[in-house]
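Beneath this line is the structure, given in structure tokens, with notes to follow.
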Amino acid sequence: MDYNFNEIEKKWQDFWAENKTFKAENKSDKPKYYVLDMFPYPSGAGLHVGHPLGYIASDIVARFKRNEGFNVLHPMGYDAFGLPAEQYAIQTGTHPAVTTEKNIKRYRRQLDQIGFSFDWDREVRTCDPGYYKWTQWTFVRLFEHWYDLDWDKARPVSELKKIFDKDGSKEVNAAKNDHEPFTAEQWKSFSETEQQQILMHYRLAYLSETLVNWCPALGTVLANDEVKDGYSERGGHPVEQKKMKQWSLRIRAYAERLLNNLDKLNWSESIKEIQRNWIGQSEGAVIYFPVKGKEKTIDVFTTRPDTLYGSTFMVLAPEHEIVDELKTEDNKHKIEEYIERSKNRSERERLAEVKEVSGVFTGHYGVNPVNGREVPIYIADYVLSGYGTGAIMAVPAHDSRDFAFARHFDLPIIQVVKNPDEQVVDTAQWNDSYDAKEGVIINSDFINDLDVEEAIRRIIDILEEKNIGYGTVNYRLRDAIFSRQRYWGEPFPIYYKEGMPYPLDDSKLPLELPEVDEYKPTKEGKPPLARAKHWTTEEGYPLETSTMPGFAGSSGYYYRYMDPNNDQEYFSNEANQYWRDVDLYLGGDEHATGHLMYARFWAMFLYDIGMTVEEEPFKRLINQGKIQGRSNFVYRIVGENKFVSYHKRKEYKTQRMHVDINLVHNDILDIEAFKNWMPEFKDAEFIPEDDGKYVCGWEVEKMSKSKYNVQNPDDLIDEYGADTFRLYEMFLGPIESHKPWDTQGIEGVSRFIRKFWRLYHDEQGNFDVSDEKPNADELKILHQTIKKVKEDIDKLSFNTSVSQFMICVNELGEKKTKKRQILEPLVILVSPFAPHIAEEIWNRLGHSDTISYAEMPGYNEDYLKESSFEYPVSFNGKMRFKKELPLDMSKEEIEKAVLEDERSAKYLGDKPPKKVIVVPKRIVNIVVAK
RNA sequence: GCGGAUGUGGCGGAAUUGGUAGACGCGUCAGACUUAGGAUCUGAUGUCUUCGGACGUGUGGGUUCGAGUCCCUCCAUCCGCACCA
């Protein structure tokens, strides 16, 4: 009788739920282990086979660690705020909470049937007021803190006020927005509103007028990581640049820590590299260029201050604030036209026109502060307002963009760096700039003959001595825009008094989402929350109408899991001290710059304010690969309802069409099923292969409905059971690599599960395990397997563990082993992978408790010891035959034995061997003259 | 353009410090049992072969007794960034 997975899997899932088998305690003498999955957005489409890949891997680790005696925290929840439910609400009027609740139920059902060992008592939902209270609470803390660059941590704004009272702004080295410096006396003379305005330049959550990514189709602004190639990541709508007043988080203050800490993290090199790029550190200098005839200077940022003498013009970004002052009656029109032009061009067009040189001369000149050279000031959109100071000193000889610009506008080009052995050629002859990262400085007064590195150091000293600039580090990372003009998100705990924002008192949290009549913006273009009645404080002050973005709720959820039902605190100090950080975090690499950056920032801030004991939240991070679809195709003869089989398709003029993968087995089309698939194919005709079968083409593509290649896990679990499904997902290949889903292979794993079951049962299906003593061979295969699986789980190499289980079960099956001393440890070892069948067998072995906490067997080296080894014998590196020899034989004896072997004579010929290499327990290689 | 990763049978993929290439599984072929097979079991299965062997881990070279693994060159694919001064 075969294994009845339907009945048995249900039985144990119910058992786990009823007994709260996986409930984790915050107090324990056991060592802790925190395994976390990136929580899902509960979409209407439900899970597909790609989602559970990471969950299965983390579940195996969680279960394995429990068996190894760890107190394991393995929670799950939902990232439940988000655009799809809101878009649906706009279309249908259904409250997003209703849609979300429905989708969550479906997710939960799908998750439950896979047999995960989550502690569901710790579930969190970002849209639950009991949860988002703490998102709001953290926002208020961010609002009330500033970043001290000298202390390298966040400090309360109350302390900043004291510093201003005492010394004004001079002594403060903070991450801030620019403002005019002031003295203590000035500070005290400012009005309340003026003081608030100043403080806003320092707060870690701040309101400011900035250039934002505005997405008209979604009616909201987006953060940089939510925009890809000028389109919104969600929905693919065009995005434009717009100046708006928005909340931002000052993540830039943490740029250096975010960058430096990467070295300490056990994350994949690729993700760390993506984050390094995103942070984009560059060392250089800011240099002040006076504007001729004006009381103004333009600050430029450069990574190559050593080329200062080669600067022959300056370029400002069109959005640069000084541009207004440079307008004169003569050039006003030209400048405005140019600015208008670059503003109207979408991001997309700007990118497409990279190579086209454009710009406009302002009619003004800057003065090079080291040699007094007057250089023309241009405006051009190849200079970005958001990077550096939004202004550059152009060095056309050594920068390709500046070079192209100089050629286009016929500006001088002066070489200031050369190779030591290079003949200097007139720059007029050059076809391109010489982007010299090393070399010797020429034409540069004091710094002539220095090499680039020295020259940079020297020139920065000069700049600082003369007070005409300073050395600095610049970051590409931008502050995170934190407001969204949407409904389905966390309301800001902020009200306005005389136009200035103030935080709500903690006792007023959570500030719950109000009911609205419609989920659209108002007629005046205000966000949906402006529709709410009485959206004010008790005193009548208006509340903020934007909501927080998707990453708000996901930035700190891993802390809430530590103490999810605490209504007094975000999480208790004790809970945090015990669980500390996430030991293993699994999720997709699409979150490399978004979630993983914000979460680290969030965690660092909470660390700074003394909430937590670890600065970095995720010690080890694994990115599971995506599962791609495997599509099938049929070939329709153009203009006919006739289909040609794969190998004959070239004989006709055909058109390739996707066909539902459920109608295809082993690439052979079920013709009858195909005819019934869609009415138009009812009378279709077919030109099959010569054996009468219709063969389909195939290709690996993204899994999507329109390609008819979506594999639904529910169907597979119905057909094969959860244990088989879990094993197969793991067997597919390394967890981190992308791989195509091919349902065919699941049969092999299904066979394995049945063979495994048969090990413990006789042919009639009766449980059959004996107390006989195992022999050396049986112990050897068991302990080999224990060893391999332990090592594999450490490396998260689950595909090779499954192989090892197959090898082990095949071998024990051949030996007809029925011995408890072998089979009992084996079932514990298999249980993290296939927990249902393992529980059932464990139960039949006579245990009344769950297998989830059974002690994981250790391996004993003694059982693995061999007394002989089958040496591969090579001649000139080519393996010719194998010879079994005892392991205690000396090298000389091995050499002798091999050379005396009759098979050697053939390869030796009549000459003695030139050399014999013997590596004990590895190989014998004999070198013969050719 | 810059940075990162990956290239192994028909397919998914294995291969400690350089030491038997292709484990395990799918598929395919043959056989057994069957009324039947998309069930089960057994065996074969990298390519070519004059059956001696030869060739084989993207390409070309190098180091080595020995290279999928180390070094150099080039090619392809995927991912990230991209006017970042």
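Letters A, B, ... are given to chains in the order of the sequence lines, protein chains preceding strands, and every chain is numbered from 1. Atoms considered below: every heavy atom in the structure, side chains included; atoms not considered: hydrogens, waters and symmetry mates.
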Between the protein and nucleotides 52-55 of chain B, list the N/O to N/O atom pairs that are separated by less than 3.5 angstrom.
| residue | atom | partner | partner atom | Å |
| --- | --- | --- | --- | --- |
| B:G53 | OP1 | A:Lys906 | NZ | 3.0 |
| B:A54 | OP2 | A:Arg880 | NH1 | 3.3 |

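- Here A:Ile917 lies in heavy-atom contact (under 4.0 Å) with a base.
- For the pair A:Trp278 CH2 and B:C79 C1', the interatomic distance rounds to 15 Å; values are reported in whole Å.
- A:Asn810 comes within contact range of the sugar-phosphate backbone alone, with a heavy-atom separation under 4.0 Å but no base atom that close.
- Close placement of the A:Phe409 and A:Tyr378 rings is indicated, their centers lying within 6.0 Å of each other.
- Residue A:Arg276 is out of contact with every strand shown, counting any heavy-atom pair closer than 4.0 Å.
- If you take CD of A:Glu273 and C1' of B:C79, they are 13 Å apart, rounded to a whole angstrom.
- B:C75 and B:U59: their P atoms are spaced 15 Å apart (whole Å).
- The gap from the P atom of B:G12 to that of B:A23 amounts to 15 Å, rounded to the nearest Å.
- Shown here, B:G25 is classed anti by the O4'-C1'-N9-C4 or O4'-C1'-N1-C2 angle, which is more than 90° from 0.
- Toward the 5' end of RNA chain B, the nearer of the two residues A:Gly748 and A:Lys788, judged by each one's closest nucleotide, is A:Lys788.
- The gap from the C1' atom of B:U45 to that of B:G10 amounts to 11 Å, rounded to the nearest Å.
- Between A:Trp757 and A:His761, the two ring planes are parallel [angle under 30°; tilted spans 30° to 60°].
- Rounded to whole Å, the P atom of B:U20 lies 15 Å from the corresponding atom of B:U57.
- A salt bridge between A:Arg304 and A:Glu283 is absent, with no side-chain N of the basic residue lying under 4.0 Å from a carboxylate O of the acidic one.
- Atom pair A:Arg476:CZ and B:A85:C1' shows a separation of 14 Å (rounding to whole Å applied).
- Classification of B:G52 as syn follows from a glycosidic angle within 90° of 0.
- Side-chain contact, A:Asn662 with A:Asp660: a donor N or O sits under 3.5 Å from an acceptor N or O.
- Using a cutoff of 4.0 Å between basic side-chain nitrogens and carboxylate oxygens, A:Lys788 and A:Asp792 are scored as salt-bridged.
- Straight-line distance from the CZ atom of A:Phe731 to the P atom of B:A14: 10 Å, rounded to whole Å.
- B:C11 and B:C72 have their P atoms separated by 30 Å, given to the nearest Å.
- Taking 4.0 Å as the cut-off between side-chain N and carboxylate O, A:Asp263 and A:Arg276 count as a salt-bridged pair.
- B:A15 and B:G22 are spaced 9 Å apart, taking the C1' atom of each and rounding to whole Å.
- Judged by the 6.0 Å distance and 45° axis criteria, A:Arg630 is positioned over the aromatic ring of A:Trp698.
- Across all strands shown, A:Arg478 has no heavy atoms under 4.0 Å from either base or sugar-phosphate atoms.
- More than 12 heavy atoms of other residues, nucleotides or ligands lie within 6.0 Å of NZ in A:Lys883, so this atom counts as buried by the packing criterion.
- For B:C81, the base has no donor-acceptor partner in the side chain of A:Asn277 [N/O atoms by modelled type, under 3.5 angstrom].
- We find that CG of A:Leu384 is positioned 10 Å from P of B:A82, with the value rounded to whole Å.
- Atom P of B:A67 sits at a distance of 45 Å from the matching atom of B:A85, rounded to the whole Å.
- When atom types are taken as modelled, the side chain of A:Arg252 and the backbone of A:Tyr475 share a donor-acceptor pair closer than 3.5 angstrom.
- Within the nucleic acid shown, A:Val919 comes within 4.0 Å of at least one base atom, counting heavy atoms only.
- Checked against a 6.0 Å centroid threshold, the rings of A:Phe731 and A:Phe752 do not count as neighbours.
- Comparing B:C55 with B:G66, their P atoms are spaced 15 Å from each other, to the whole Å.
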field: Dot-bracket line, read 5' to 3' along RNA chain B, where crossing pairs take [ ] and | marks a partner on another strand, Watson-Crick or G-U under 3.5 Å
entry: (((((((..(((......[....)))((((((.......))))))(((....)))..(.(((..]....))).))))))))....

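- Nucleotides of RNA chain B nearest to A:Leu732 and A:Ala391 differ in position, and the one nearer the 5' end is that of A:Leu732.
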Which atom pairs link the protein and nucleotides 42-48 of chain B when you take only N or O atoms and keep those under 3.5 Å?
none

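- To the nearest angstrom, P of B:G12 lies 6 Å from CH2 of A:Trp698.
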